[in-house]
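Data first, discussion second: the structure below is written as structure tokens.
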Amino acid sequence: MELIAGCYEQVLFGYAVRPAENWAVVSDFTHHAHSASLSAVAVNDRYVVTGSRDETIQIYDMQKKVEHGALLQHNGTISCLEFYGRTHLLSGAEDGLICIWNAKKWECLKSIKAHKGHVTSLSIHPSGKLALSVGTDKTLRTWNLGEGRSAFIKNLKQNAHLVKWSPSGELYVVVIASKVNIYKLATASISGTIVTKKNISSLRFITDCILAVAGDDELVRLFDCESQDCLCEFKAHENRIKDIYSFKGEDLHILVTASSDGYIKMWSLDPDKIKSSPSLLCEVNTKARLTCLAVWLKSNLEAKQTSDEARASSSQVDEEPRIKKICWTDSGKTAERDGQEASKKRKSTNVQQKKKKILQRLK
């Protein structure tokens with residue numbers, strides 16, 4: 001797995017985490033990703049995409065370890081990115097647009113004028129049929145992704161800056177400043193409200209009932225969505241927490257936190273013992289002002305291929321072991337161009353230049 005984090009300094013960090021080696025963290029790459037600070041990051045089992053204040057979305061192929069290109073549909077800061085499996089990516093920005101992308105051909109399938117103001121957050125339902133978005137026009141909008149149109153609009157009293165579906169899709173939450181409103185999909189009405197002392201910067205569902213909330217302080221709080229009670233709180237960092245991420249491992253739930261203090265930390269959570277503080281698995285100091293966070297998990301297929309390659313390499317004892325370093329290679333500003341095509345074009349250009357030089361000498 002890889003910890004992926006963006007920062008104000010325009011850099012994308014990648015750290016390899018090795019659970020089998022006592023959760024050792026090794027620096028994998030540092031890439032100057034954009035010409036402005038990074039504002040959003042999203043992952044699926046192959047790609048990492050980053051959004052920035054420079055109005056572009058950069059794509060990275062984590063299997064080939066190359067920069068795959070850029071998406072240039074938006075005008076304004078990219079505020080939110082979210083994958084739906086391997087097939088689609090949704091992006092939202094300050095221009096009020098939500099773009100639906102084919103995540104294989106990297107074509108923009110549809111560009112929707114979603115909000116009169118900025119799009120501040122979006123979330124895709126686990127079924128892939130619906131999406132929610134909030135913006136600076138004080139509305140919560142439900143989208144029919146099959147038809148690419150608005151299905152429902154709910155007026156809010158204030159601007160919301162976060163929206164998130166639960167893992168089952170039966171609940172969703174909307175964050176306004178320091179308040180979390182919990183909605184039931186069946187009724188589309190508020191079933192409960194969580195209020196914190198500080199403004200909320202990020203939140204994640206650990207399970208359908210347990211919600212992790214972080215904000216403008218050093219604490220992470222775990223809430224029960226049914227009772228709205230705070231089950232546990234713990235000090236995660238020395239400065240405010242900018243983003244959190246969660247996923248389920250083989251036998252444990254993992255929460256990852258990123259802070260303005262420059263640290264990324266991984267925590268082990270036990271839902272059955274949720275009232276006890278989680279244990280720290282590992283940490284790394286990026287020495288940067290972090291803004292966004294994700295965890296890239298290698299797919300089972302790629303893990304098998306990597307294992308097969310490792311066995312094949314070890315059987316060739318006469319050859320020196322090859323160490324493959326991660327190095328992003330610029331493949332241009334179009335999403336259609338991948339690393340192989342760029343390499344072919346460069347070879348073709350070199351051949352043409354050599355032919356021209358030979359002809360000039362003959363003349």
For a quick test of reading the model, state the closest non-hydrogen atom pair linking A40 to I78 and the distance between them. CB-O, 4.3 Å
Report yes or no: does T291 contribute a side-chain atom to a donor-acceptor pair with the main-chain N or O of S39 at less than 3.5 Å? no
Spacing of L219 atom CG and C230 atom SG [to the nearest 0.5 Å]: 9.0 Å
Partner set under ring pair (Phe, Tyr, Trp, His ring centres under 6.0 Å) for H253, not counting sequence neighbours: none
With distance as the sole test, does E82 use its side chain to make a donor-acceptor pair with the main-chain N or O of I124 at under 3.5 Å? yes
Close side-chain approach of I59 to W101, heavy-atom, < 4.5 Å: no
Taking the side chain as C-beta and beyond, is there a heavy-atom pair between L255 and P278 under 4.5 Å? no
Using a 3.5 Å distance criterion without hydrogens, assess whether the side chain of E67 forms a donor-acceptor pair with backbone atoms of Y60. no
For atom NZ of K116, decide whether the heavy atoms of other residues, nucleotides or ligands shown that lie under 6.0 angstrom number more than 12. no
When rounded to the nearest 0.5 angstrom, what distance separates CG in L293 from CZ in R204? 8.0 Å
Hey, does the side chain of S178 reach the backbone of K198 with a donor-acceptor pair shorter than 3.5 angstrom? no
Determine whether the aromatic ring centres of residues W106 and Y47 are separated by less than 6.0 angstrom. yes
All heavy atoms of Q58 vs all of G69, minimum pair found to be OE1-O, 3.3 Å
Tell me, do H115 and T136 make a side-chain contact under 4.5 Å, heavy atoms counted? no
K65 NZ/CZ over W296 ring centroid, <6.0 Å and within 45° of normal: yes
Roughly how far, to the nearest 0.5 Å, is CG of L12 from SG of C292? 7.5 Å
If you round to the nearest 0.5 Å, how far is OH of Y84 from CG of N44? 12.5 Å
Show the atom names and distances, to 0.1 Å, of all donor-acceptor pairs under 3.5 Å that link a side chain in residues 263-274 to residues at least two apart or in another chain.
| from | atom 1 | to | atom 2 | distance (Å) |
| --- | --- | --- | --- | --- |
| K265 | NZ | A236 | O | 2.9 |
| W267 | NE1 | T257 | OG1 | 3.2 |
| D270 | OD1 | D272 | N | 3.0 |

Just jot down the salt bridge (charged side-chain N to carboxylate O under 4.0 Å, His left out) partners of D137, sequence neighbours excluded, or say none. R141
Is the backbone of A214 close enough, under 3.5 Å, to the side chain of S202 for a donor and an acceptor to pair up by distance? no
Identify which one of Q10, R53, R289 satisfies the side-chain hydrogen bond (donor to acceptor under 3.5 Å, both in side chains) criterion when paired with S37. R53
L122 to G92 - nearest heavy-atom pair and separation: CD2-N, 3.8 Å
Heavy atoms of K104 and N102 approach each other most closely as N-OD1, 2.7 Å
Does the side chain of V41 reach to within under 4.5 Å of the side chain of L38, using non-hydrogen atoms? no
Does L211 reach the side chain of L203, with side-chain heavy atoms less than 4.5 Å apart? yes
If the condition is side chain to side chain donor-acceptor pair (under 3.5 Å), which residues does E238 pass it with, not counting sequence neighbours? K235
For the residue pair F247 and Y245, does the interplanar ring angle fall in the parallel (under 30°), tilted (30 to 60°) or perpendicular (over 60°) class? tilted
Report the C-alpha separation of D28 and Y15 in whole Å, then their side-chain angles, then the decisive distance to 0.1 Å, and conclude whether the side-chain contact (heavy atoms from CB on, under 4.5 Å) test is met. CA-CA 5 Å; D28 218 352; Y15 294 93; 5.8 Å; no
For the residue pair H118 and T120, confirm or rule out a side-chain donor-acceptor distance under 3.5 Å. no
Quick one: do E107 and K105 make a salt bridge, cutoff under 4.0 Å? no
For a quick test of reading the model, state the closest non-hydrogen atom pair linking P167 to P126 and the distance between them. O-CG, 3.3 Å
Between F223 and T196, is the side-chain contact (heavy atoms from CB on, under 4.5 Å) condition met? List the steps. CA-CA 11 Å; F223 289 93; T196 62; 4.1 Å; yes
N/O donor-acceptor pair under 3.5 Å between D95 side chain and N75 backbone: yes
Look at atom CD of E233 and say whether more than 12 heavy atoms of other residues, nucleotides or ligands are closer to it than 6.0 Å. yes
A quick test of your reading: do over 12 heavy atoms of other residues, nucleotides or ligands sit less than 6.0 Å from CG of D229? yes
side-chain contact (heavy atoms from CB on, under 4.5 Å) assessment of L71 paired with S91: CA-CA 10 Å; L71 306 176; S91 61; over 6 Å; no
Would you say the side-chain atoms of S35 pair up with the backbone N or O of D54, donor to acceptor, closer than 3.5 Å? no
So, do W23 and I254 sit near enough that their side-chain heavy atoms are less than 4.5 Å apart? yes
Where E226 and C209 come nearest, the two heavy atoms and their spacing: OE2-SG, 3.8 Å
OG1 of T193 to CD1 of I182, rounded to nearest 0.5 Å, is 7.0 Å
So, does D61 use its side chain to make a donor-acceptor pair with the main chain of Q63 at under 3.5 Å? yes
V17 vs L3, side-chain contact (heavy atoms from CB on, under 4.5 Å): CA-CA, chis, key distance, verdict: CA-CA 7 Å; V17 181; L3 299 177; 3.6 Å; yes
In short, salt bridge (charged side-chain N to carboxylate O under 4.0 Å, His left out) pairs touching residues 160-186 with sequence neighbours left out are none
Is any side-chain heavy atom of W143 closer than 4.5 Å to a side-chain heavy atom of S150? yes
Exam field: side chain S123 to backbone W165, donor-acceptor pair closer than 3.5 Å: yes
Working to the nearest 0.5 Å, report the span between CZ of F29 and CD of E2. 6.0 Å
Side chain to side chain, L109 and H88, heavy atoms closer than 4.5 Å: yes
Answer yes or no: is there a donor N or O on one side and an acceptor on the other, between the side chain of S121 and the main chain of V163, under 3.5 Å? yes
Please check if the number of heavy atoms outside R46 that lie under 6.0 Å from its CZ is greater than 12. yes
Anything under 3.5 Å between a donor and an acceptor, one on a side chain of residues 153-162, the other on a protein residue two or more places apart or in another chain? List them.
| from | atom 1 | to | atom 2 | distance (Å) |
| --- | --- | --- | --- | --- |
| N159 | OD1 | K138 | N | 3.2 |
| H161 | NE2 | I200 | O | 2.7 |

